[in-house]
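Letters A, B, ... mirror the listed sequences (proteins, then strands); counts begin at 1. All values below come from the heavy atoms of this structure, side chains included, with hydrogens, waters and symmetry mates left out. Worth saying up front: this structure is predicted, and the values here are computed from it rather than measured.
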Amino acid sequence: MKQVNRLDDGGRINRQTPLNFTFNDKTYQGFEGDTLASALLANGVDVVGRSFKYSRPRGVITADAQEPNAIFQVGSNDASTIPNPRATQTELYANLVCSSTNGWPNVDFDLMGTVGKVGGSAMPPGFYYKTFMFPQSMWMSYEKMIRKGAGLGCSPLQPDPDSYDKLNHHCDVMVVGAGPAGLSAALAAARAGARVIIADEQNEMGGSLLCSTELIDETAAAVWLVSTLTELAENDNVLLLPRSTAFGYYDQNYIGINERRSDHIGETNSNGTRQRLHKVRAKQVILATGAHERPLVFGNNDVPGCMLASAVTTYINRYAVVPGNRLALMTTNDNAYKAAIAWHDAGKSVVLIADTRPSADGFLVKEAMKRGIKVEFGHGIIDVKGSKRVKSVEVAPLSADGKSVSGQAVSYTCDTVASSGGWSPVLHLSSHTGSKPIWRDDIQGFVPGKTEQAQHICGGIQGVYDLSQVLEDGIKCGLAAAGDAGKNVSSLELLAPTVTKNIETPAMALFHIPHFKPTSRAPKQFVDYQNDVTAAGIELANREGFESIEHVKRYTALGFGTDQGKLGNINGMAITANSLGKTIPETGTTIFRPMYTPVTFGALSGSDVKQLFDPARFTAMHSWHVDNGAEFEDVGQWKRPWYYPKPGETMEQALARECLATRNSVGLLDASTLGKIDIQGKDAREFLNRVYTNPWSQLAVGKCRYGVMCKEDGMVFDDGVTACINDNRFQMTTTTGGAAGVLNWLELWHQTEWPELEVYFSTVTDHWSTMTISGPNSRKVLEKLTDADVSNEAFPYMGWIAAEVAGVKARIFRISFTGELSFEINVQANFGLHCWEAVVAAGQEFDITPYGTETMHILRAEKGFIIVGQDTDGSVTPQDLDMNWVVGKKKAFSYLGKRSWTREDNERTDRKQFVGLKPKDPKVVLPEGAQIVFDKDQPIPMTMVGHVTSSYYSACLGYSFALAVVKGGLERKGQSVFVPLADGTTIEAEICSSVFYDPKGDRQNV
Amino acid sequence: MSDLVKVESPLQHADFAALSALTTEGGVVLREDALLGHVNLRGNAQDPEFVAGVAKALGLALPLAPCSSAQNDDTTIMWLSPDEWIILVEGGKEEATEASLRANLTGHFAVSDISGGQTILELSGDDCIKVLQKSTGYDVHLDNFPIGKVVGTTFAKSSAHIRRTGEQSFQLVIRRSFSDYIWLWLQQSSKEYGLRIAL
Amino acid sequence: MLHIYCPYCEEFREEDEFHPVGEAHIERPLEPEALTDEQWSQYLFFRKNPRGLHHEMWVHGAGCRKFFNMTRHTVTYKILETYKMGQQPSVVAEESE
């Protein structure tokens, strides 16, 4: 197909490399260097989508990030598809496949468009606001209609085949925007010796220079551009980031940048990174983000063919595309004349320039007139005719203030309407850090206000638009930033290149073009295209009492689209101000928030996906567990063996086997993940007294003791066994999940409250591999591996010894979490696997059985031993756990948590207390987490009196059992409670002691 | 200790020996300095007797400036905090090092053998800076991170102490249990430059 | 993301190396048993939530593991100073704020 709107020469496209692409199932051709938008315009595609509410056909309106209409679904399959990129910023690549996001069922024939504009009538302004007041059920049905009718794109259904990553940077000067201002700033800062990063969202750096016809130093702007970029690229201290959008400006000069590294090449990049997130911490930030042109608001200004004046200029000069044949231009300023001049110079017809000002005689105005273009001063385009393309415009004289139509309208036949209401500085990034924009009447725009950041601005963002001034401003700003970053700039004299300064007639402050009829009855005048917000809608909001601009936004949905109101917000505020009789600054402003343009989740996730999503921690014996068929359980970040099924075994069968083997012979557990802290110093004992609830003064060298830690509110937060290595040294054990938190807790108290205590803490969790042999035959296994005397007399319960095990130095702790005779062998982790394999070999004659966390849980629960975090939840005191024996009564120091136990609430007798539960049916296992009630016949909502914390079937006991917290439970032993289930049935259970097995504790003492 | 005792570094399963034969080129070079002696030392840097005692025990002065390190042929000392250092010695010498410190120090101090708890990775090559930039938010530019400096910082979703040993070479001190994650991370983040395993 | 000067490492580090701990300068009562429930609950639960200058405790978790204090503006997020444990802030909020 011929590119009907493409010029034969000019532009920054490569006609030698044609690229085929598919839009809405139709194939077109563009050139390398095109954006999707310029390629579609080159092919004469007018309608690119349908509007959200009214389902009106819409065409490309801008050539930049503001684009509200040309929002596509890009990608050929369910894995590569991306919702909602702007066609104006999507570089064309070979075989690109895209479709309209909100054309349903297709852009040219729209179902919603044919059923009496269903969306429009169902959704008057205020739809969002009013809907939120409705019941949830109503919203669900509205939402379905909106989503289906409007469509905001589809997310990929398949995993993303591409790679993404992140790169951290630090620099002296970060320049955002590589237009003339940013480039001269970067050049100046680089010459001053600063580390500079300059990022620009476009594929080529240069900004406005890429479509400029002005001369710099008497040659084409492109020549200056090339020499500047070359100098920057050759400087090792400068990093150039094209195709990189600075999407967020965060506290203390932290900038997020999304670099699209291969999106312009094709869909999947198997060899490298598709998008890279740069995270830049800059000493100084220069915002050189330029300005966005504002469209004017006039009747039917959304008909395809209506465009921004600067977009027309860009498409002609940069992409060699004239998007029509007959242009009508409406402007409030000189700059927009460039569009008509470029249009005319491309050999097409300009039917009229309607200049809203009473008169103008600037350079560009004269240039247009020189070309014989008809200019009507004091006129405006008040209405557009056409549906899928502009057919004609109605042009009428305006009153001097532009607020009313002052005469008859004349019709002009044309197919394109360009408009310009002036320029709005792109201050989004400065707004991200909380800086409030300031309105400037002289430039009719907001500029960045006071900021806490080390931020500089230059060029268009502060209303400096004249190229010669922009270049000068950039140099000044670059030097200032380099100076503030600590570079010596006093000796540096940099002169701006010479550019002819053109005379301009001041612009007129006009946003909304009047019609004969009042706004409410005039043809629709669109302000926010993506959400179909009209001038009439805004005025209605004002009449209904929404006067704050923030309320107007939420009432009308102004600025709520994926474009965040870049195109319409200022016009919307101006209309509000006018209707309320206020000035724009009195009306307020809206705060832009990150992201500047949408960023894919892929880029934000970076490489932190799949197996790198969260670190997996492994013990030294992991390979053995894998080789021996373990199923694994995540405990924090650790991968712990859960159970070891034999071929054909169910989990239940495996657990029964592991439990019985441990109770009857010997089992083996990898306990390396428990936290271990080496505590040294003469005050170590005193410190333990203060952080544990029980006393430590009498613990002898060679002995171990179980301890419980509480927070200051008296609630249990960790427990474990601590051994006295010598008088100045203890080894503390923490829960697996609590390891880091406990170390931090000890440091907190030591560093902030008790620095006078001489004690140091070091984590040795990873240093030791820990294996527990448990069961009546465990001593026999150990005896085969060590020469040490491990008899009950020489090595009694709750003692520890240093000994060699399997030829390796070890610390053996005689402690038990199963209630059986147990030995916990600790060896330096590099020998962990060696020692584990030796234990397995030695245990073979006793059929030593490895067991995982699930069997450990069952065995300890049979003994009524708590697991902090499972049986407790941060609201349980030692007294609630019936563990008064672990509470020191005579300790001199008022240790952590103690005072809180006598708080009124903690002394209630009806607190939830830790008890055992025995289901009446010995086969039924209560669901963990289930709520408990006293009265099973009470109607819903029932009075809940506790919950099940742990629940298992015990192969050793032959019945199911549970642990639970029940209100006043300790006084209710023998009574029945009920566990209501979701299906309406209840299970009856009897409250009993939490110790089910070997209540006297004989087995661990043998 | 018997010769029959099997000793395994945290990255044993990665089999660097086999990988080193497979990869001969790459912008990033990775080597595990496995099975060294790692000793954690705590003490009061303001106490001249402590500082002198360490120097006597190790034959190397304790680095006292924040983020600094000291090194001689046998020993490397890295500053971790105003009262904490890690001492690296040849594997097997950690017990002698601990004993020597205990013999020469008086007053309040702590020594912990943590040789089983961590390992050292050496990262070098033309593109190793890029890999570090992907892994940590710390500024690794030579101006900010001169040779000999030690920085405790985040490393991907884990943490590490990073010591610069040359313009293009770094030591990473990492925890045993996170070593497999960091190994996976380094493979991913060096993929575009090519990763060579050295012995 | 904040850029925080660690008074122990003596340089600026990225926020992700740190953890906030809570309000600074909360001293544990020397004799908890001498306090009424109400006085004890003040220490336990009640914290300032100022709009403006605030003194917070942070810990350099991924770095030197030291706790320190920070004077930070809760609206602008500007960090006015960080100082070691045991030291007093040099910048304090006006009473009227």
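In terms of heavy-atom pairs under 4.5 angstrom with chain C, the leader among A:Glu747, A:Lys711, A:Glu904 is A:Glu747. Of the residues considered (A:Lys898, A:Gln453, A:Glu753), A:Glu753 shows the highest number of contacts with chain C, using heavy-atom pairs under 4.5 Å. Of the listed residues A:Arg281, A:Arg903, A:Gln751, A:Glu452, the one with more heavy-atom pairs under 4.5 angstrom with chain C than any other is A:Arg281.
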Report task. Apply side-chain hydrogen bond (donor to acceptor under 3.5 Å, both in side chains) to C:Ser90 and C:Glu81, showing your working. Result -> CA-CA 8 Å; C:Ser90 66; C:Glu81 60 179 340; 2.7 Å; yes
Requested in this report: Give the C-alpha distance, both sets of side-chain angles, the deciding distance and a yes or no for side-chain contact (heavy atoms from CB on, under 4.5 Å) between A:Met709 and A:Met732.
Outcome: CA-CA 12 Å; A:Met709 282 184 205; A:Met732 177 184 281; 3.5 Å; yes
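Using a 4.5 Å cut-off between heavy atoms, A:Asn744 touches chain C through backbone and side chain atoms alike. Using a 4.5 Å cut-off between heavy atoms, C:Met1 touches chain A through backbone and side chain atoms alike. Contact of C:Val75 with chain A is not made at all, since no heavy-atom distance falls under 4.5 Å. Only the side chain of C:Leu44 comes within less than 4.5 Å of a heavy atom of chain A; its backbone N, CA, C and O stay farther away. For A:His750, no part sits under 4.5 Å from any heavy atom of chain C, backbone or side chain. The contact between A:Tyr895 and chain C is made entirely by backbone atoms, counting heavy-atom distances below 4.5 Å. Heavy-atom distances place both the backbone and the side chain of A:Ser900 under 4.5 Å from chain C. With a 4.5 Å cut-off on non-hydrogen atoms, A:Ile255 does not touch chain C at all. Both the backbone and the side chain of C:Ile79 come within less than 4.5 Å of a heavy atom of chain A.
The distance between the ring centers of A:His428 and A:Phe592 falls below 6.0 angstrom. A centroid separation of 6.0 Å or more is found between the aromatic rings of A:Tyr692 and A:Trp745.
A donor-acceptor pair shorter than 3.5 Å can be found between the side chains of A:Thr877 and A:Asp880.
Under a 3.5 Å cut-off, the side chain of C:Thr82 and the backbone N or O of C:Tyr5 do form a donor-acceptor pair. A donor-acceptor pair under 3.5 Å is absent between the side-chain atoms of A:Lys676 and the main chain of A:Ala739, judged by distance alone. Although no hydrogens or angles enter the test, the distance criterion places a donor-acceptor pair under 3.5 Å between the side chain of A:Thr752 and the main chain of A:Leu748.
Ring geometry for A:Phe247 versus A:Tyr250: interplanar angle over 60°, hence perpendicular rather than tilted (30 to 60°).
A heavy-atom distance below 4.5 Å is found between the side chains of C:Arg65 and A:Leu743.
With sequence neighbours excluded, the residues forming a side-chain hydrogen bond (donor to acceptor under 3.5 Å, both in side chains) with C:Gln39 are C:Thr36, listed by chain and number.
Salt-bridge annotation for A:Arg195 and A:Asp172: absent, with no side-chain N of the basic residue lying under 4.0 Å from a carboxylate O of the acidic one.
Listed by sequence position, C:Glu14, C:Val21, C:Ile26 are the residues of residues 7-26 of chain C in contact with chain A, using a 4.5 angstrom heavy-atom cutoff.
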